[in-house]
Amino acid sequence: MRDLQGLVDAIAARRNKSISVTEAPLPPELSAFCARGKDRDFIVVDSTANELTRLHACLHELFHLWEEHPSDDDGTAEHPMAEDWVRQLLPGLRPGPVLQILTRSHYEAAHERRAEAFATVMLQRHLQLRSDQNSNGFLTSALAHRRTGV
């Protein structure tokens, strides 16, 4: 697979249900989240983030769907958004479990570190493929104005 949609499709096939990836403005402490539904899974990515952050966040959340780890939250954490907002973004899902996902720790748990490593490696692969497709190279053109040693 050579693109994000190919990865989304592969994970959806493995889970035997479709995955909806959408963008919406999220609170500052969230770059993305995923939720498992009965018939469909969801990934919501912060629409205000830059392109690479959105891609990295989406890859991170895809790994969570692929790995299917259990939630570590005991339900006592403070929720970063209101239940009404969750109902608007993810109609048909119960807000309680969604809010539990949103309160999990960033990197304390092993599954979060695995998701972050997966997203980082896949983002690097994406950038390399993008560079290979562009004769000037993505990073080369982005740094063309820089002098050596800058």
Side-chain angles (χ1 to χ4, degrees), residues 1-135 137-139 141-142:
M1 80 198 73
R2 294 187 58 89
D3 61 8
L4 180 62
Q5 188 58 53
L7 182 59
V8 170
D9 293 343
I11 293 172
R14 180 178 186 268
R15 294 183 52 74
N16 200 27
K17 59 175 121 171
S18 60
I19 300 172
S20 293
V21 179
T22 60
E23 293 184 0
L26 297 176
E29 60 274 5
L30 294 174
S31 55
F33 65 91
C34 65
R36 293 172 181 87
K38 183 178 177 184
D39 301 317
R40 170 182 299 271
D41 293 327
F42 300 89
I43 295 174
V44 179
V45 180
D46 183 12
S47 61
T48 64
N50 68 56
E51 176 189 2
L52 292 180
T53 299
R54 288 191 320 267
L55 181 56
H56 187 272
C58 185
L59 290 164
H60 179 107
E61 299 307 326
L62 277 169
F63 183 83
H64 286 308
L65 293 176
W66 177 40
E67 188 179 51
E68 297 191 48
H69 66 81
S71 172
D72 293 333
D73 186 42
D74 63 3
T76 61
E78 183 178 323
H79 296 307
M81 67 178 69
E83 287 188 11
D84 289 345
W85 203 77
V86 173
R87 283 188 192 96
Q88 286 179 336
L89 280 175
L90 302 166
L93 292 182
R94 293 188 333 255
V98 172
L99 291 171
Q100 284 182 338
I101 290 168
L102 296 178
T103 59
R104 67 181 175 225
S105 165
H106 289 288
Y107 304 109
E108 292 173 8
H111 64 266
E112 286 297 326
R113 290 189 301 274
R114 285 192 304 274
E116 197 62 14
F118 171 81
T120 300
V121 168
M122 293 301 286
L123 182 60
Q124 289 171 339
R125 175 81 173 128
H126 169 77
L127 291 174
Q128 182 60 47
L129 287 172
R130 199 159 132 179
S131 175
D132 291 347
Q133 291 172 355
N134 180 351
S135 61
F138 173 72
L139 293 177
S141 63

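The analysis underlying the following values was restricted to heavy atoms, covering all of them including side chains, and did not include hydrogens, waters or symmetry mates.
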Residues at least two apart in sequence or cross-chain that pass side-chain hydrogen bond (donor to acceptor under 3.5 Å, both in side chains) with Thr22, listed by chain then number, are none

Mind listing the closest non-hydrogen atom pair of Val45 and Cys58 along with its distance?
CG2-CB, 4.0 Å

Ring pair (Phe, Tyr, Trp, His ring centres under 6.0 Å) partners for Phe118, two or more places apart
Phe63, Trp66

Between Arg54 (side chain only) and Ala49 (backbone N and O only), is there a donor and an acceptor less than 3.5 Å apart?
yes

I want to check something: taking the side chain as every heavy atom from C-beta on, are Val44 and Leu30 in contact at a cut-off of under 4.5 Å?
no

State the OG-CG distance between Ser18 and Asp41, to the nearest 0.5 angstrom.
7.5 Å

Reported CD1-to-CG distance for the pair Ile19 and Asp9, which is rounded to 0.5 angstrom
8.5 Å

Is the shortest heavy-atom distance from the side chain of Val21 to the side chain of Leu4 under 4.5 Å?
no

Heavy-atom pair with the smallest gap, counting every atom of Leu59 and Leu123
CD1-N, 3.8 Å

Check the pair Asp46 / Thr53 against side chain to side chain contact (heavy atoms under 4.5 Å, CB included), numbers first and verdict last.
CA-CA 9 Å; Asp46 183 12; Thr53 299; over 6 Å; no

Can you tell me how far CZ of Arg114 sits from NE2 of His64, rounded to the nearest 0.5 angstrom?
9.5 Å

Could you check if a side-chain atom of Leu62 sits within less than 4.5 angstrom of a side-chain atom of Val8, using non-hydrogen atoms only?
yes

Donor-acceptor pair, distance only, cut-off 3.5 Å: does the side chain of Lys17 make one with the backbone of Arg36?
no

Which atom names give the shortest non-hydrogen contact between Pro25 and Thr48, and what distance separates them?
CB-CG2, 4.2 Å

With distance as the sole criterion, is a donor-acceptor pair present between the side chains of His60 and His56 under 3.5 Å?
no

